[in-house]
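Read through the structure below, which is laid out as structure tokens, and then see the notes.
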Amino acid sequence: MNKEEGREKMSENEDTEDAYDVENVFAKILRGELRCDKVCENEGALAFRDVSPRAPVHVLVIPKASVKTWDAWLELGLEEREYFLTLVREVIEVEGLKKGGYRVVMNAGRDGCQEVPHFHMHILGGRVLGKILP
Ligand code: DGP
């Protein structure tokens, strides 16, 4: 998705309580309809490189369950949430971020500028990232 498409998507998805859109790009990646540069995977989650990396390491971790927001993710069962958190930890390890540090970002809704309406976390690292907001 390019930046323009991202903005359109964001404005279509201003309300975090809208229904899950099965045609969002991450749903397509999970169904194998779109390619991704996979980092690792488990039964309940997938990690792949961001198409527009903002740091030397920029990996997205997504649950395989069709959830749009943090709140929806929190409603999942313990096992599903464990899969996701385990994969976040694995990315930090396999990408060699543990020693130098890293940042985990989650954007939500209009004000959080969430482009893709499938819950995800950004794992960023590989350089000094600077302050959290410009
Ligand atoms: P956000 O929803 O704003 O937290 O960020 C979504 C991120 O997803 C953004 O950094 C760009 C990335 N992205 C959008 N479309 C694709 C895609 O088709 N493939 C991959 N790998 N990343 C994508």
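Both ligands and their constituent atoms are indexed starting at 1 by order of listing.
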* Nearest neighbour of atom 21 (N) of ligand 1 from the list Met121, Lys38, Arg49, His58, on a heavy-atom basis -> Arg49
* Asked: For ligand 1, is there an atom lying under 4.0 Å from some heavy atom of His122?
  -> yes
* To do: Give me the ring orientation class for His118 and Phe26: parallel if the planes are under 30° apart, tilted from 30 to 60°, perpendicular past 60°.
  => perpendicular
* **contact_flag Cys113 ligand 1 heavy-atom lt 4.0 Å** => yes
* To do: Would you please determine whether His120 falls within less than 4.0 Å of ligand 1 on a heavy-atom basis?
  => yes
* Would you mind reporting whether Trp73 and His120 have side-chain heavy atoms less than 4.5 Å apart? => no
* To do: Give a yes or no on this: more than 12 heavy atoms of other residues, nucleotides or ligands lie within 6.0 Å of atom CZ of Arg127.
  => yes
* To do: State the atoms of ligand 1, each with its element, that fall below the 4.0 Å cut-off from a heavy-atom position in Glu115.
  => 1 (P), 2 (O), 3 (O)
* Structure fact -> Which of Val67, Val116, Leu30 passes side-chain contact (heavy atoms from CB on, under 4.5 Å) with Ile62? It is Leu30
* Say whether Val25, considering both its backbone and side-chain N or O atoms, lies within less than 3.5 Å of an N or O atom on ligand 1. => no
* Asked: Is Leu60 close to ligand 1, meaning an N/O of one under 3.5 Å from an N/O of the other?
  -> no
* Enumerate the atoms of ligand 1 whose separation from the nearest heavy atom of Phe48 is less than 4.0 angstrom. => 20 (C), 21 (N)
* Kindly confirm or rule out an N or O of Asn107 lying under 3.5 angstrom from an N or O of ligand 1. => yes
* Over 12 non-hydrogen atoms of neighbours within 6.0 angstrom of OH in Tyr102 -> no
* 4.5 Å side-chain heavy-atom contact, Lys28 and Glu23 -> yes
* **Cationic N near anionic O, under 4.0 Å, Glu41 to Lys64** => yes
